[in-house]
2 protein chains.
Amino acid sequence: MEISFTEENYLKAIYALSHFYEAGEVTTNQISDRLKNKAATVTDMLKRLAEKKLISYKRYQGVKLTEKGRITAIKVIRKHRLWEVFLVEKLKFSWDEVHEIAEQMEHIRSDELIEKLDDFLGKPKFDPHGDPIPDASGKFSTQKSFSLSLANRKASLIIAGVTDHSKSFLQYISNSGLKLGDNLKIEDWNDYDQSMKIKINNKHILFLSNKAASNILVENKK
Amino acid sequence: MEISFTEENYLKAIYALSHFYEAGEVTTNQISDRLKNKAATVTDMLKRLAEKKLISYKRYQGVKLTEKGRITAIKVIRKHRLWEVFLVEKLKFSWDEVHEIAEQMEHIRSDELIEKLDDFLGKPKFDPHGDPIPDASGKFSTQKSFSLSLANRKASLIIAGVTDHSKSFLQYISNSGLKLGDNLKIEDWNDYDQSMKIKINNKHILFLSNKAASNILVENKK
DNA sequence: ACAAATTTTTAGACCAGTCTAAATTTTTAA
DNA sequence: TTAAAAATTTAGACTGGTCTAAAAATTTGT
Ligand SMILES: [Mn+2]
Ligand SMILES: [Mn+2]
Ligand SMILES: [Mn+2]
Ligand SMILES: [Mn+2]
């Protein structure tokens, strides 16, 4: 039973939404917002996905991925993130340019391709944005990262990823001289607006708003 | 104006057919045979392509690519062949496994991607089957190769490509120990069935039917 | 030259994926 | 507890791409 590009995109959206809002069930409007389709269109597609046993769906009650749907979604995510690594590591794209291209490449169908790509890239565990890449069996390496905005004052940290993938945020981060793996020390903290002053790699000083900090993932320096 | 995957496949088919049959005009049935669609389906599509000024089309008279159509077709071919090089050179696929995957990858839309890929691969001039790769401006490097079946007796040649891309032919060639760039000397020639005995790299001896030889491209050793 | 064969187009249908407008169900909150 | 608001589904329509069956145009062979 063939799964179309469009269906793959719905499964990926449902997967992401079901993790974003901790609750298990994802609503029609959430999907409609995310994919920028009308709610009526989403309802149609949900019926088709349920027909194919990729989701469980009861009228007006929201949806959940079945095991089959989950596996399919994770495979698409694996492909997306591996292609992003390829684009950045091998083709020298910057991290703000790769998402749109990976949106296309994630739909290429060939199990052999994706395993050979994984080998070629050295079986990376994280993509250029710090997102974990599921292995061939669908397992994610557990991230022990958390938001910089929740870190202890004066903490010494390592930049592990970002949660906002927009071009403007990614460019702002690069232009500020920040990249994954950098050391980061919180030097000062403003109680009024939760902005902070950080020191990067013991060299540069940078001021971050709470909004920016909330989209930076860090882990404790071990 | 967006050109769909399907439209790209039609343009590529028309391009190939117009070169295969020297005549300029390509017929509905030729396209229908090649793409394994019904003639009625092809007629529909021809109207759409004509609407978009990608082909010129007069009822019952066959079709020709416009300049715009030609450029589009060549770009798809460029992408197809570059991805084939990637799959063989970087991911270590064998030359009989890459065509189907490249059929999918050729439709990825990103000019920057294709130019970065070209750089990454070292701007190759030929794909794994010896087919020339058009450059970014659409120019093919001229091949001075010809069919082994038309070579002079006792000639000393270099294997430059193949014209049959089927898995079975490609595997037969590899299994026989032949690959692009190998030296080849015609040792013996059978007038009855045009079969030949060749020596490869001054080492192995191989018998080739006329059918096999006709699908091997060679160039003169310089 | 013209009837038969072949090629091509037209007509009408279907599916996937989308939309708008209207109907229905669920949720909210007075 | 019930009316209003919000969310969701249904109904009906459209496009791109495909098909089969039938009609029309072209080509072929005697
Ligand atoms: Mn996608
Ligand atoms: Mn990513
Ligand atoms: Mn194609
Ligand atoms: Mn090729």
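Both backbone and side-chain heavy atoms feed into the values below; hydrogens, waters and symmetry mates do not. Protein chains get the first letters and strands the later ones, always in sequence-line order, with residue 1 at the start of each.
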Q: Using a cut-off of strictly less than 4.0 Å, decide whether Y10(B) has a side-chain nitrogen or oxygen near OP1 or OP2 of dG16(D).
A: no
Q. Expressed in angstrom and rounded to an integer, what is the separation of L49(B) atom CG from dT15(D) atom C1'?
A. 15 Å
(Q) Using a 4.0 Å heavy-atom cut-off, does T43(B) contact any base of the nucleic acid, only the sugar-phosphate backbone, or nothing at all? (A) base
Q. Atom NZ of K38(A) and atom P of dA7(D): how far apart are they, to the nearest Å?
A. 14 Å
Q) With nearest nucleotides of DNA chain C determined for Q30(B) and F5(A) from heavy-atom distances, which residue corresponds to the more 5′ nucleotide? A) Q30(B)
Q: Ignoring backbone atoms, establish whether N29(A) has a side-chain N or O less than 4.0 Å from OP1 or OP2 of dA6(D).
A: no
Q.
Using the side-chain heavy atoms of T27(A), tell me which of these nucleotides is nearest: dT8(D), dT9(C), dA21(C).
A. dT8(D)
**Q.** Nearest-nucleotide pick for R59(B), side chain only, options being dT9(D), dA7(D), dT10(C)
**A.** dT10(C)
Q) What integer distance in Å separates I31(A):CD1 from dT8(D):C1'? A) 12 Å
Q) Rounded to the nearest Å, what distance is computed from the CD atom of residue E51(A) to the P atom of nucleotide dA16(C)? A) 10 Å
Q. From the list dT20(D), dA16(C), dT9(D), which nucleotide is the closest neighbour of the side chain of R48(A)?
A. dA16(C)
Q: Report the distance from atom CD of E7(A) to atom P of dT18(C), rounded to the nearest whole Å.
A: 10 Å
Q) Within 45 degrees of the axis of the six-membered ring of F120(A) and under 6.0 Å from its centre: does K90(B) put its NZ or CZ there? A) no
Q.
Given the ring of Y57(B), does K47(B) sit roughly above its face, with NZ or CZ under 6.0 Å from the centre of the six-membered ring and within 45° of the axis?
A. no
(Q) Students often get this wrong, so: under 4.0 angstrom with heavy atoms, is N37(B) touching a base, only sugar-phosphate, or nothing? (A) sugar-phosphate
Q. Under 3.5 Å, is there a donor-acceptor pair between the side chain of D135(B) and the main chain of G138(B)?
A. yes
Q: Let me know the distance between CG of L46(A) and C1' of dA7(D), rounded to the nearest Å.
A: 13 Å
Q.
Tell me the interatomic distance from K47(B), atom NZ, to dT9(C), atom P, rounded to whole angstroms.
A. 8 Å
Q) 5'-most contact on DNA chain D: A39(B) or M45(B), nearest heavy atom basis? A) M45(B)
Q) Can you tell which of dG17(C), dA25(D), dC19(D) lies closest to the side chain of T6(A)? A) dG17(C)
Q: Rounded off to whole Å, could you give me the CG-to-P distance for the L35(A) and dG17(C) pair?
A: 13 Å
Q: Look only at the side chain of T66(A) and the backbone of K53(A), and say whether a donor-acceptor pair between them is shorter than 3.5 Å.
A: yes
Q) With distance as the sole criterion, is a donor-acceptor pair present between the side chains of H80(B) and H99(B) under 3.5 Å? A) yes
Q: Look only at the side chain of S147(B) and the backbone of S149(B), and say whether a donor-acceptor pair between them is shorter than 3.5 Å.
A: yes
Q) Does Y60(A) make a side-chain donor-acceptor contact with the base of dT24(C), cut-off 3.5 Å? A) yes
Q) Does Y57(A) make a side-chain N or O approach to OP1 or OP2 of dT8(D) shorter than 4.0 Å? A) no
**Q.** S4(A) side chain, from C-beta outward: closest of dT9(C), dG17(C), dG17(D)
**A.** dG17(C)
Q: Ignoring backbone atoms, establish whether T41(B) has a side-chain N or O less than 4.0 Å from OP1 or OP2 of dT18(D).
A: no
Q. Taking the side chain of D44(A) as its heavy atoms from C-beta onward, which of dC19(C), dT9(C), dG17(D) lies nearest to it?
A. dC19(C)
